[in-house]
Amino acid sequence: MALTKEQIAQRIAQELQDGYYVNLGIGIPTLVANYIPEGMQVILQSENGILGMGQFPLPEEVDADLINAGKQTVTVNAGASFFDSSLSFAMIRGGHVDLTVLGAFEVTDSGDIASWKIPGKMVKGMGGAMDLVASARNIIVAMQHCSKDGESKLLKKCTLPLTGINCVKRIVSDLAVIEVTDRGFKLLERAPGVSTESIIAATAAPLIVEGEIPEMNLPVW
Amino acid sequence: MALTKEQIAQRIAQELQDGYYVNLGIGIPTLVANYIPEGMQVILQSENGILGMGQFPLPEEVDADLINAGKQTVTVNAGASFFDSSLSFAMIRGGHVDLTVLGAFEVTDSGDIASWKIPGKMVKGMGGAMDLVASARNIIVAMQHCSKDGESKLLKKCTLPLTGINCVKRIVSDLAVIEVTDRGFKLLERAPGVSTESIIAATAAPLIVEGEIPEMNLPVW
Amino acid sequence: MNKVYKSANQAIEGVKDGMTLMVGGFGLCGIPENSIKALLELGVKGLTCISNNAGVDDFGLGLLLKNRQIHKMISSYVGENAEFERQLLAGELEVELIPQGTLAERCRAGGAGIPAFFVPAGFGTEVAEGKEMRDFNGKPHLLEYALTADFAFVKAWKGDTHGNLVFKQTANNFNQSMAMAGKITVAEVEELVPAGTLDPNYIHVPGIFVQRIFEGKGYEKRIERVTTR
Amino acid sequence: MNKVYKSANQAIEGVKDGMTLMVGGFGLCGIPENSIKALLELGVKGLTCISNNAGVDDFGLGLLLKNRQIHKMISSYVGENAEFERQLLAGELEVELIPQGTLAERCRAGGAGIPAFFVPAGFGTEVAEGKEMRDFNGKPHLLEYALTADFAFVKAWKGDTHGNLVFKQTANNFNQSMAMAGKITVAEVEELVPAGTLDPNYIHVPGIFVQRIFEGKGYEKRIERVTTR
């Protein structure tokens, strides 16, 4: 069965390591924060100027001067710091962030990503996404494998304006975990109960399948 | 009579204006701080990271963590701020400092300055001087007109390695106030009792002398 | 030396049609509410506004957009403002979209006397069109130019009579780098204190970058997405 | 996550002959006294040191110079250190002199992922030799490249277990930009406190830039020129 958004976040959380500095984009990536393994210290960066972002506030804690990059009210943990945008992106551009997780409209098997504009229809703007994908040491894309119309979003070539090229390292979709290798997409894991064949069918670009593909190891919940 | 170092500083202080942000170099320029006119607010920048530098400390106030660019212990005035070197030079390079006063070995009539190195003999290093002269909106050089051997230091061309070119706007020496114009050195004022002829003789580059040259207006002290 | 102004209306004096303005803030967080309202009252038109966002439809820079005072926006993000997106898609508004980190750094560079610098962001995308490219350490970079503005409008938590500014939490965002880049920087603060009150070790924007300062009134501090647990 | 080390000797582990080190401080103000002594004891040789000065003859980096552990200095100012000047003039030491502001900005750029940028400082002087030049707004500029280091040694007043640093007065100087530029940044602090103790609004160096931190001992804090009124 295809993963829920929460399960995608849960699977991505398995990529975290103790001491990681992580930037989580808007949407599914934000949910990753809920699944940081017990006892592991992961420090969340929010590009509007926070290191050490915490959980959402209690209603009485809400503060207009304390928001995240998604403009949601947040809190901070002990050891946090606030800083201006130029320093925030110095961290990002300088490669100090260990892992970036973000959403996408489309991803290609050479690691290109499109995420900020649908010509003639919708322009959100790139915000910090172009800076993040151009400089992050490790980039995981959290996305639905296919559009609502059933079109694959994992392509040979993006149809939408690009956010960055040759940058995505790994994709965690509702159907699979896929690595972007020099040879293209490589299937690493299947969502529980989803067949390799159906993943191949849902992937518009060629998919390297080597040996038996294990199911994701997600805790029952 | 030739001015003392204190008098040179005193004359330079007449160039100050209320609200000016000023960077004073090591040596005579440092003395300018002693002659800021009563009631005028001038804010001193020290390139190691101070805005609002005050007078030297009382013996009991001496603090190893509070020094100026000349490595002397100092104090700060109300409204001061401390910052790192990159921000300090952002102020300087960005043209936010209104006036820079510094010393020199040699100055030319096109505004070139040499101040940091005597090949084979002495290397102090440029420190912040190259940054200052390349970006300051207004640069006044405080210097002795001639070397101890009687050689003029106001030249057509520097003999020593340059600190910057086309940058010096005005020179206040022990003998004269000289402006660097598009046409070269122009004599503005004479030290009290020093003749125009002797200034011309002490200046190796051509000196424009137009009309009667007034004596500097220095308070008796 | 007197940098203190009594009101927003006085502090924005000199803003004229066609000028380029920087406006601090991220979303509605840390925006110069008082200055924006004064600009609305002044009615200046044909403005180029450099601001990460354009507020929302009925607050922040959105007010000036709605009132058609803005000719061009230089921003990184349009989302959250339907009127902004509408004017953009309809071609009624000139918009230059810039990666957020590049935008912040271009402002800082404008204040720091660095006319241009190389960054990797945007390579291979439409942001790179017409830009000079160069490889460093085997990786392609774009040459980006400094931004400056006729006026920079910023908002701080506290400020003193010398123009020193201190921000609270994430309300700093673009205010610090934009304060550096204005030919005239106008800072509005929630609390204006005498020089000497703020700890000199913890000043976010030293006064040398601020030409005018005033204590703002009636801050609404709207929140775009109140989210609680 | 554990960034806390017990001693300077442990914190400098991994420094090897021929490495490039950044060392914070201006003159003797804000220098990492403990780390320098540990480097002296370790005896690593052939070092390239990026530091605004080289201490004095018998303190700070002067100790490593005297002990011939330094192959090359990248600095802005030699004055105040007779041994430094002697080795330089005798050609025993390779020295690259860089304008002070350019040096600071090159360190910041190294930490900020900006491989190169243009500045006016040094145009027309020997500093410009061999450098790419370009005019901006009618003024000539030089292209300067980012600096990074295998290790950056910095000294702060207070630091916490997450590596957040706070400086006192002018003891910041180069420490902040160098902390950003080290592949491994080692911070020594006068007082090490638990995470959550320092006010998050007033952190000079966020912990993301600091890989190792320890509480230093026996700070001498020598003053080069005690000047009183």
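What you are looking at is a predicted structure, and each value in this text was computed from that prediction instead of being measured. Reminder, nothing fancy here: chain letters follow the sequence lines and each chain counts from 1.
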Between the side chain of [X] and the main-chain N/O of [Y], is any donor-acceptor distance below 3.5 Å?
X	Y	answer
C:T170	A:G49	no
A:D131	C:Q100	yes
C:R229	A:F56	yes
C:T125	A:T163	no
A:R93	C:V119	no
C:E85	A:V123	yes

- Test log, rule side chain to side chain contact (heavy atoms under 4.5 Å, CB included), inputs A:M130 and C:F123: CA-CA 9 Å; A:M130 282 193 183; C:F123 176 79; over 6 Å; no
- Query: Does some side-chain heavy atom of A:M126 sit less than 4.5 Å from a side-chain heavy atom of C:T102?
  - Reply: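 SC-SC contact between C:T102 and A:M126 ruled out.
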Between [options], which has the largest tally of heavy atom pairs under 4.5 Å with chain A?
options	value
C:A171, C:P140, C:P99	C:P99
C:S177, C:A128, C:G124	C:G124
C:L103, C:N53, C:I98	C:I98
C:R106, C:K168, C:R108	C:K168

Interatomic distance, [X] atom [atom1] to [Y] atom [atom2] [nearest 0.5 angstrom]:
X	Y	atom1	atom2	value
A:F83	C:N172	CZ	CG	10.0 Å
A:S135	C:K139	OG	NZ	4.5 Å
C:E224	A:I67	CD	CD1	6.5 Å
A:N48	C:N52	CG	CG	9.5 Å
C:T228	A:Q55	OG1	CD	11.0 Å
A:D84	C:M180	CG	CE	9.0 Å

- Which region of C:E220, side chain (C-beta onward) or backbone (N, CA, C, O), has a non-hydrogen atom less than 4.5 Å from a non-hydrogen atom of chain A, or is it both or neither?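 For C:E220, neither part sits under 4.5 Å from chain A.
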- Query: Does any heavy atom of chain A fall under 4.5 Å from the side chain of C:L89, the backbone, both, or neither of them?
  - Reply: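 Answer is side chain: those atoms of C:L89 sit under 4.5 Å from chain A.
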Surrounding [atom1] of [X] (heavy atoms of other residues, nucleotides or ligands, distance under 6.0 Å), is the total greater than 12?
X	atom1	answer
C:K221	NZ	yes
A:E60	CD	yes
C:K217	NZ	no

List the atom of [X], the atom of [Y], and the distance in Å for their closest heavy-atom pair.
X	Y	value
C:A121	A:A134	CA-CB, 3.5 Å
C:E126	A:P161	OE1-CB, 3.7 Å
A:S86	C:E105	CB-OE1, 4.0 Å

- Candidate pair A:W116 and C:L97, rule side chain to side chain contact (heavy atoms under 4.5 Å, CB included), full reasoning: CA-CA 11 Å; A:W116 68 282; C:L97 288 170; 3.7 Å; yes
[X] portion near chain C, given a 4.5 angstrom heavy-atom threshold:
X	value
A:I92	neither
A:E61	side chain
A:N68	backbone
A:K117	side chain

- Message: Quick check for you: among A:A90, A:G125, A:C167, A:P57, which has the greatest number of heavy-atom pairs under 4.5 Å with chain C?
- Response: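 The answer is A:P57.
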- Out of A:A64, A:S46, A:S81, A:P119, which one racks up the most heavy-atom pairs below 4.5 Å with chain C?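 Winner by heavy-atom pair count: A:A64.
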- Looking at C:Y77, is A:K124 sitting on its ring face, NZ or CZ under 6.0 Å from the six-membered ring centre and within 45 degrees of the normal?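 So A:K124 doesn't make the cation-pi contact.
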